[in-house]
2 protein chains.
Amino acid sequence: MLQLSISDIKSQLQRAGFKMTPQREALVQVLIQHKTAHLSAEELFMLLKRSHPDIGLATVYRTLEILTQLTIVKKIVFEDGIARYDLKRKETGHFHHHLLCVKCGEIEEVFEDLLFDIEKKIETDYHFNIMDHRLTFHGVCKICQFAERDES
Amino acid sequence: MLQLSISDIKSQLQRAGFKMTPQREALVQVLIQHKTAHLSAEELFMLLKRSHPDIGLATVYRTLEILTQLTIVKKIVFEDGIARYDLKRKETGHFHHHLLCVKCGEIEEVFEDLLFDIEKKIETDYHFNIMDHRLTFHGVCKICQFAERDES
DNA sequence: TTTTGTGCAAAGTTTTTGCAATTTT
DNA sequence: AAAATTGCAAAAACTTTGCACAAAA
């Protein structure tokens, strides 16, 4: 089941006592349309203003906060300190990983569940009850590796 | 070789064209003393003021930036958006992992290199040249698990 | 009609920057 | 002496909050 339909998210909101509004719906739409883009609140706000010129940035932040609490969206902060928001893909059952290129800034996603065994080991060895994770590799992406080769 | 001596860091700074100052030395000392504490710039600043009442917060930020560039220190940002700074432990050859308790906020460190095989796989499958990583598990620590049990 | 949500502006946080004075090499 | 560094204050960048009005259930 893909966690990507508006009506599904609407019922999740309502079950939690929130109302569905045009602004919230629009934000979810934008998140769906740009689901691999790792957008910041400001970037989402800019995209939303196209269809909803009167929307406020505070509404974007408040809605993202709710969606994060409902685990519909995951907040991820890389070393630049800016919060980015990723729609969770329910189909995979775990949060995906990121490859962050230090040259061009591009973020590639890895959907394989690479951490299964490691999580088991951590739970056992450290008595830590894992609920979520963040795994990001910093390095040079394929395209930038080619660019580097051409430079020399 | 432990990356933890002042004189070693001093020569690294000088090799890169930076000067060693009392403020920088003091910051490194504090980082060594609190090497498992994951302190923010503000927290480091407070600790530094004890011995150097005149130190400025900007100096702390500027020095951390340099130490980060020289990979003496690693900057890590969790979902609260505050940058924290970890002295890199050269002995392990890789950056350690973190267990972040969602109940008490405690951060436990995992020094085992759990990612070796995964990094190999990523490098091959994605043609991504890995230079560094950030791996954090969110969950409930041992102590908070006991507290939860007692609550019910 | 009751409760929740919205936009705006103001305030709060964390981090960065300009600059004159000081310190290091 | 030359170059880099410092502290301070101001600015910048991102996020949160208070409030009166509006919209959803």
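Below, chains carry the letters A, B, ... as their sequence lines are ordered, and counting in each starts from 1. Only heavy atoms go into these numbers, but all of them, side chains included; no hydrogens, no water, no symmetry mates.
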Task: Separation of atom CD1 in Ile55(A) from atom P in dA22(D), rounded to whole Å - done: 18 Å
TODO: Report the distance from atom CG of Leu48(A) to atom C1' of dG7(C), rounded to the nearest whole Å.
DONE: 14 Å
TODO: For Leu39(A) and dT15(D), give me the distance from atom CG to atom P, rounded to whole Å.
DONE: 13 Å
Open item on the list: Expressed as a whole number of angstroms, how long is the span from Leu27(A):CG to dG5(C):C1'?
Closed with: 14 Å
- [ ] Can you tell me the distance, in whole Å, between the CD1 atom of Ile66(B) and the C1' atom of dA3(D)?
- [x] 14 Å
- [ ] Return the value, rounded to whole Å, for the distance between atom CD of Glu25(B) and atom P of dA4(D).
- [x] 21 Å
TODO: Using a strict 4.0 Å threshold on nitrogen-to-oxygen distance, state whether Lys49(B) and Asp54(B) make a salt bridge.
DONE: no
Task: Arg134(A) and Glu79(B) ion-paired at < 4.0 Å - done: yes
Task: Leu13(A) CG to dA24(D) C1', straight-line distance once rounded to whole Å - done: 13 Å
TODO: In plain terms, say whether Glu106(A) and Lys142(A) are close enough for a salt bridge, that is, a side-chain N and a carboxylate O under 4.0 Å apart.
DONE: no
TODO: Could you tell me whether Glu148(A) and Lys103(A) have a side-chain N and a carboxylate O separated by less than 4.0 Å?
DONE: yes
- [ ] Could you encode protein contacts along nucleotides 12-25 of chain C as a string, one character per nucleotide from 5' to 3', using B for base contact, S for sugar-phosphate-only contact and - for no contact, with a heavy-atom cut-off of under 4.0 Å?
- [x] --SBBBB-----BS
- [ ] Find the distance His52(B):NE2 to dC8(D):C1' and express it as a whole number of Å.
- [x] 18 Å
TODO: Establish whether Val140(A) and Leu100(A) are linked, either directly or via other cluster members, by ILVMFWY side-chain heavy-atom contacts under 4.5 Å.
DONE: no
Task: Lys35(B)/Asp86(B) salt bridge by N-O under 4.0 Å criterion - done: no
